[in-house]
Protein chains: 2
Amino acid sequence: MHPTVAEPTAPFPASTHDHASCRDWILRRAESLCAEKKVRFTPQRREVLEILAASHRALGAYDILEHMHRVERRPPPAAVYRALEFLLALGVIHRMAGRNAYFACTRPEHGRGEIQFWICRRCGVVGETESVVIAGEVPRLAATLGFQVGAVNMEIEGECQACRGC
Amino acid sequence: MHPTVAEPTAPFPASTHDHASCRDWILRRAESLCAEKKVRFTPQRREVLEILAASHRALGAYDILEHMHRVERRPPPAAVYRALEFLLALGVIHRMAGRNAYFACTRPEHGRGEIQFWICRRCGVVGETESVVIAGEVPRLAATLGFQVGAVNMEIEGECQACRGC
DNA sequence: GGTATATTGATACAGTATATCATGTCAAAC
DNA sequence: GTTTGACATGATATACTGTATCAATATACC
């Protein structure tokens, strides 16, 4: 099972949170999910997740690439995209379509419902919520349209509490 | 003021709707909005909107470019992007971030609330709704996060009624 | 160890979008 | 009617995002 530590962060990560343990939680969850699913958490995949888990910011694939400092040579873009694809499938990162950017998921368990991404346009930090109201409203709207729901993506851009204080 | 014709289409455009008048409505609304705002609805901008209004599908910028048949030469990509930017600002088209695609807005008046985009993964047709429930839920969630909402983008991918019938 | 599978490396390229500077067009002021 | 200035477009180059393909390497399992 997953590490049963406390929820790593609030829905929107406060600047004061214990990020060392938050970061560890993200990595340990990935480890245990890989063990569960019998897939390999290779050094390359770990490195990409570590880079994302180092902050709560959404990073582009090429931003991640720049952080991958190898002694000999930098890996090709496809290496990053392969790792991102793997981590997305594992459920430990999310993709922000509106920004072509990726970030580490910090919520212990997302249900089948819809997730809302909140991104601060000043500091770039991303938060996540899972509203039961929206999770209920989407199927209701879909029913009136005769629409069969596949994937839902909801992104809210604005300013976080910390940045508004400045 | 805007043309006071009937609402052009249902939230999800039926295959049976009167598309000729729907198309005209989109173009005439753009004309009257440009007159209101004292900006120019140039032939190039009109052509891009006509291409989008020809269907209810979301098209990529380069798809649009291919439809721009000039006698002499095809305009450069930047021309399309400039027209798209103009039409976005005018409020007559929307951008689907998840697809890097653009489509003509068919809803008479969107309030300040959130719009939901529904895109069929089979036929590519896009519908729009404006849920009062979600419009109320977003500020409520934002308040609990201390987040100041800027732009909201919500996209639902799935299968429309017509395609499910197949 | 030998084989099948998964992963990574290497190279090339497709698709999306913008920067920059030159040129053209329109409409109002003179 | 010409000038002028703002807006719009053309032309060129390039940045950014993501994928295809095939070879080489590592891992797991027999």
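Below, each value reflects all heavy atoms present in this structure, side chains not excepted, and no hydrogens, waters or symmetry copies. These numbers were taken from a predicted model, which means no experiment stands behind them. So you know, we letter chains A, B, ... as the sequences are listed, proteins then strands, and number each from 1.
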Output a table of nitrogen or oxygen pairs between the protein and nucleotides 17-25 of chain D separated by less than 3.5 Å.
{"residue": "dG18(D)", "atom": "OP1", "partner": "Arg95(A)", "partner atom": "NH2", "Å": "2.3"}
{"residue": "dG18(D)", "atom": "OP1", "partner": "Asn100(A)", "partner atom": "OD1", "Å": "3.4"}
{"residue": "dG18(D)", "atom": "OP2", "partner": "Tyr81(A)", "partner atom": "OH", "Å": "3.1"}
{"residue": "dG18(D)", "atom": "OP2", "partner": "Tyr102(A)", "partner atom": "OH", "Å": "3.3"}
{"residue": "dG18(D)", "atom": "O5'", "partner": "Tyr81(A)", "partner atom": "OH", "Å": "3.4"}
{"residue": "dG18(D)", "atom": "N7", "partner": "Tyr62(A)", "partner atom": "OH", "Å": "2.9"}

Report task. Name the orientation class of the two ring planes belonging to His17(B) and His56(B) (parallel below 30°, tilted from 30 to 60°, perpendicular beyond 60°). Result -> tilted
Report task. In whole angstrom, give the distance that lies between atom CG of Leu59(B) and atom P of dA17(C). Result -> 13 Å
Report task. Please check if any side-chain donor atom of His94(B) sits under 3.5 Å from a side-chain acceptor atom of Glu128(B), or the reverse. Result -> yes
Report summary line: Whole-Å distance, Leu84(B) CG to dG15(C) P, equals 18 Å
Query raised in the report: Which is it for Glu66(B) and Arg74(B) under the salt bridge (charged side-chain N to carboxylate O under 4.0 Å, His left out) test, yes or no, and what are the steps along the way?
Result: CA-CA 8 Å; Glu66(B) 280 178 13; Arg74(B) 179 166 293 171; 5.6 Å; no
Query raised in the report: Once you round it to whole Å, what is the distance between P of dA17(C) and CG of Leu88(B)?
Result: 11 Å
Query raised in the report: Whole-Å distance between dT9(D) P and Arg46(B) CZ?
Result: 13 Å
Query raised in the report: For Tyr81(B), what residues pass the ring pair (Phe, Tyr, Trp, His ring centres under 6.0 Å) criterion, not counting sequence neighbours?
Result: none
Requested in this report: Following the transitive rule for hydrophobic clusters with a side-chain heavy-atom cut-off under 4.5 Å over Ile, Leu, Val, Met, Phe, Trp and Tyr, establish whether Val132(B) and Ile115(B) coincide in one cluster.
Outcome: no
Requested in this report: Go through the structure and list residues passing ring pair (Phe, Tyr, Trp, His ring centres under 6.0 Å) with Tyr102(A), not counting sequence neighbours.
Outcome: none
For residues 148-157 of chain A, please give each side-chain donor-acceptor pair under 3.5 Å, one per line with the distance, not counting sequence neighbours.
{"residue": "Glu155(A)", "atom": "OE1", "partner": "Gly98(A)", "partner atom": "N", "Å": "3.1"}
{"residue": "Glu155(A)", "atom": "OE2", "partner": "Ala97(A)", "partner atom": "N", "Å": "2.8"}
{"residue": "Glu155(A)", "atom": "OE2", "partner": "Gly98(A)", "partner atom": "N", "Å": "3.3"}
{"residue": "Glu157(A)", "atom": "OE1", "partner": "Arg99(A)", "partner atom": "NH2", "Å": "2.8"}
{"residue": "Glu157(A)", "atom": "OE2", "partner": "Arg121(A)", "partner atom": "NE", "Å": "3.2"}
{"residue": "Glu157(A)", "atom": "OE2", "partner": "Arg121(A)", "partner atom": "NH2", "Å": "3.0"}

Measure all distances between protein nitrogen or oxygen atoms and nitrogen or oxygen atoms of nucleotides 6-8 of chain D, and list the pairs falling under 3.5 Å.
{"residue": "dA8(D)", "atom": "OP1", "partner": "Arg45(B)", "partner atom": "NH1", "Å": "2.9"}
{"residue": "dA8(D)", "atom": "OP1", "partner": "Arg45(B)", "partner atom": "NH2", "Å": "3.3"}
{"residue": "dA8(D)", "atom": "OP2", "partner": "Arg45(B)", "partner atom": "NH2", "Å": "3.4"}
{"residue": "dA8(D)", "atom": "O5'", "partner": "Arg45(B)", "partner atom": "NH2", "Å": "3.3"}

Report task. Figure out the CE/P separation between Met68(A) and dG9(C), and round it to whole Å. Result -> 8 Å
Requested in this report: Check side-chain contact (heavy atoms from CB on, under 4.5 Å) between Ser131(B) and all other residues, then give those that pass, not counting sequence neighbours.
Outcome: Glu137(A), Leu141(A), Gln116(B), Val133(B), Ile134(B)
